[in-house]
2 protein chains.
Amino acid sequence: MLRLSKLTDYAVVVLTRLEEGEGVQAAPDLAAATGIAEPTVAKVLKILAHAGLVEGLRGARGGYRLTRPIAEMPLTEVITAIDGPIALTACVDSAVGHCEAEDLCPVRGRWDPVNRAIRDALSGITIADLAPPRAAPVAPPARPAAPLAATA
Amino acid sequence: MLRLSKLTDYAVVVLTRLEEGEGVQAAPDLAAATGIAEPTVAKVLKILAHAGLVEGLRGARGGYRLTRPIAEMPLTEVITAIDGPIALTACVDSAVGHCEAEDLCPVRGRWDPVNRAIRDALSGITIADLAPPRAAPVAPPARPAAPLAATA
DNA sequence: GCAATCCGGACCGGAAAGGTCCGGATTAGC
DNA sequence: GCTAATCCGGACCTTTCCGGTCCGGATTGC
């Protein structure tokens with residue numbers, strides 16, 4: 001299904017909400033605003049903070065804040081932060097020695113053109129492109145609600 | 001991790017082997033040639049047959065055969081056949097009514113530009129592009145063994 | 001009629017993701 | 001200086017899904 005984790009979805013929601021709000025926002029507030037369970041929001045924020053996409057301010061009156069506008073935040077960074085590096089199959093990463101049928105396997109390392117293609121496709125999309133109700137002036141415009149994933 | 005199932009990987013291997021061999025090939029033979037467990041190969045072949053990518057011939061001296069050369073077989077068809085339609089998150093498919101926070105969720109259906117971008121990127125790649133040791137005269141040439149998936 | 005092969009499904013185990021919780025560190029306000 | 005609010009880091013458990021196996025039935029060639 002080519003699925004990416006639900007956490008990534010949450011991350012986009014949270015980041016969007018973070019942009020809409022003003023100043024620092026505490027995790028519980030973001031949870032209430034987005035409708036996502038509080039511990040989960042906290043988890044997402046921790047990951048994003050680790051990746052440098054948001055900044056956490058401790059202490060009373062603390063909270064989270066974006067390090068830059070979401071329009072300058074490529075989607076790939078969020079995905080990489082949460083789901084790890086973009087690579088389609090296990091056979092593809094740096095490992096070169098533990099495929100039991102290594103000499104027979106004809107696809108050895110041949111997935112990288114695919115990975116590259118996906119990375120290229122994703123690199124042009126920012127979080128702002130996924131935040132519709134506001135200004136979304138970007139490359140792939142129009143088609144607000146296409147029929148949706150069919151045969152692909 | 002944007003991972004796609006291991007079955008898809010196997011499928012590419014099997015399809016490649018199917019192109020290399022001649023005439024119909026039985027599942028056990030393909031298993032031996034590829035190094036993949038026999039029941040698994042059978043499973044993959046069944047799925048591919050269902051999708052019309054290969055043709056199964058019953059009876060003694062039966063086996064499987066490609067319905068067309070792998071150079072004319074887009075990768076997306078294989079992925080769709082095995083992993084289902086290409087859609088990144090559950091929130092994206094035709095469902096419109098069971099996101100508990102539907103009115104709050106600002107990303108509703110906004111993943112489709114991403115899905116579309118990925119589909120476009122993948123639509124230019126055929127199975128033949130993933131079968132290196134033979135003739136692979138296609139668009140993304142060169143770079144036989146790039147460093148590999150890093151930050152994405 | 002017999003053997004080989006595909007076909008369709010059910011079945012089970014293991015791994016990964018999703019989600020929750022807790023103790024500690026840090027800071028603002030009183 | 002003390003208290004309360006908040007982030008930080010991790011461990012933990014549950015559930016779902018994937019990978020893999022197996023079996024009975026249908027079909028065809030010899």
Side-chain angles (χ1 to χ4, degrees), chain A residues 1-11 13-14 18 23-32 34-65 67 79 81-84 87-91 99-101, chain B residues 1-11 13-14 18 23-32 34-65 67 79 81-84 87-91 99-101:
Chain A
M1 203 222 298
L2 245 191
R3 76 160 203 218
L4 64 85
S5 80
K6 208 181 278 185
L7 272 298
T8 305
D9 197 352
Y10 293 160
V13 177
V14 170
L18 224 33
V24 298
Q25 301 177 61
D29 297 346
L30 288 169
T34 56
I36 306 172
E38 188 175 321
T40 304
V41 171
K43 185 175 191 171
V44 170
L45 285 169
K46 276 186 283 190
I47 299 175
L48 293 177
H50 222 261
L53 296 178
V54 302
E55 184 185 8
L57 306 180
R58 287 198 184 186
R61 300 270 313 156
Y64 287 94
R65 168 172 62 189
T67 57
I79 295 177
I82 296 185
D83 291 343
L88 289 182
T89 58
C91 218
C99 185
E100 69 277 355
Chain B
M1 199 221 299
L2 245 192
R3 78 164 205 215
L4 64 84
S5 78
K6 207 184 279 186
L7 272 298
T8 305
D9 197 354
Y10 293 160
V13 177
V14 170
L18 224 31
V24 299
Q25 301 176 62
D29 296 346
L30 288 169
T34 57
I36 306 172
E38 189 174 322
T40 303
V41 171
K43 184 176 193 171
V44 170
L45 286 169
K46 276 187 283 190
I47 299 174
L48 293 177
H50 221 261
L53 296 178
V54 303
E55 185 185 9
L57 307 179
R58 289 197 183 187
R61 299 273 311 156
Y64 287 94
R65 167 172 60 187
T67 57
I79 295 177
I82 296 185
D83 290 344
L88 289 182
T89 59
C91 218
C99 186
E100 69 278 353

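Each chain gets a letter, A, B and so on, in the order its sequence line appears, and its residues count up from 1.
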If you compare all heavy atoms of [X] against all heavy atoms of [Y], which two are closest, and at what distance to 0.1 Å?
{"X": "A:Asp83", "Y": "A:Ser5", "answer": "OD1-OG, 2.6 Å"}
{"X": "A:Tyr64", "Y": "A:Val54", "answer": "CD2-CG2, 3.9 Å"}
{"X": "A:Val24", "Y": "A:Arg61", "answer": "CG2-O, 4.0 Å"}
{"X": "A:Ile36", "Y": "A:Tyr10", "answer": "CD1-CD2, 3.7 Å"}

Any salt bridge (Lys or Arg N to Asp or Glu O under 4.0 Å) pairs touching residues 37-53 of chain A, not counting sequence neighbours?
none
Over all strands shown, is B:Ala27 touching base, sugar-phosphate only, or nothing at heavy-atom distances under 4.0 angstrom?
sugar-phosphate
Looking at every strand, decide which applies to B:Leu57 at a 4.0 Å heavy-atom threshold: base, sugar-phosphate, or nothing.
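Sugar-phosphate, no base atom in range.
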Of the candidate nucleotides D:dC7, C:dG18, C:dG19, which contains the atom at the shortest distance from the side chain of A:Pro28?
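The answer is D:dC7, which lies nearest to the side chain.
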Side chain of B:Thr40, heavy atoms from C-beta onward: which of D:dG20, D:dC7, C:dG19 has the nearest atom to it?
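Closest nucleotide to the B:Thr40 side chain: D:dG20.
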In whole Å, what is the span from the [atom1] atom of [X] to the [atom2] atom of [N]?
{"X": "A:Tyr64", "N": "D:dC8", "atom1": "OH", "atom2": "C1'", "result": "7 Å"}
{"X": "A:Leu45", "N": "C:dT20", "atom1": "CG", "atom2": "P", "result": "15 Å"}
{"X": "A:Glu38", "N": "D:dC8", "atom1": "CD", "atom2": "P", "result": "14 Å"}
{"X": "A:Leu7", "N": "C:dT20", "atom1": "CG", "atom2": "P", "result": "11 Å"}
{"X": "B:Ile47", "N": "C:dC6", "atom1": "CD1", "atom2": "C1'", "result": "15 Å"}
{"X": "A:Asp29", "N": "D:dA5", "atom1": "CG", "atom2": "C1'", "result": "12 Å"}
{"X": "A:Leu48", "N": "D:dG9", "atom1": "CG", "atom2": "C1'", "result": "16 Å"}

Side-chain donor or acceptor of A:Thr67 paired with backbone N/O of A:Gly52 under 3.5 Å:
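Looks like yes, one N/O pair under 3.5 Å.
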Determine: side-chain N/O of A:Tyr10 to OP1/OP2 of C:dG19, distance under 4.0 Å, yes or no.
yes
Below 3.5 Å between N/O atoms, which protein atoms pair up with nucleotides 10-13 of chain D? Just atom names and distances, please.
residue	atom	partner	partner atom	Å
D:dG10	O6	A:Lys46	NZ	3.2

Could you state the interatomic distance from [atom1] ([X]) to [atom2] ([Y]), rounded to the nearest 0.5 Å?
{"X": "B:Ile82", "Y": "B:Ile47", "atom1": "CD1", "atom2": "CD1", "answer": "5.5 Å"}
{"X": "B:Leu45", "Y": "B:Leu53", "atom1": "CG", "atom2": "CG", "answer": "11.0 Å"}
{"X": "B:Leu7", "Y": "B:Thr40", "atom1": "CG", "atom2": "OG1", "answer": "7.5 Å"}

What is the per-nucleotide protein-contact pattern of nucleotides 24-30 of chain D, from the 5' end, where B denotes a base atom under 4.0 Å from a protein heavy atom, S denotes such proximity for sugar-phosphate atoms only, and - denotes neither?
--BBBS-
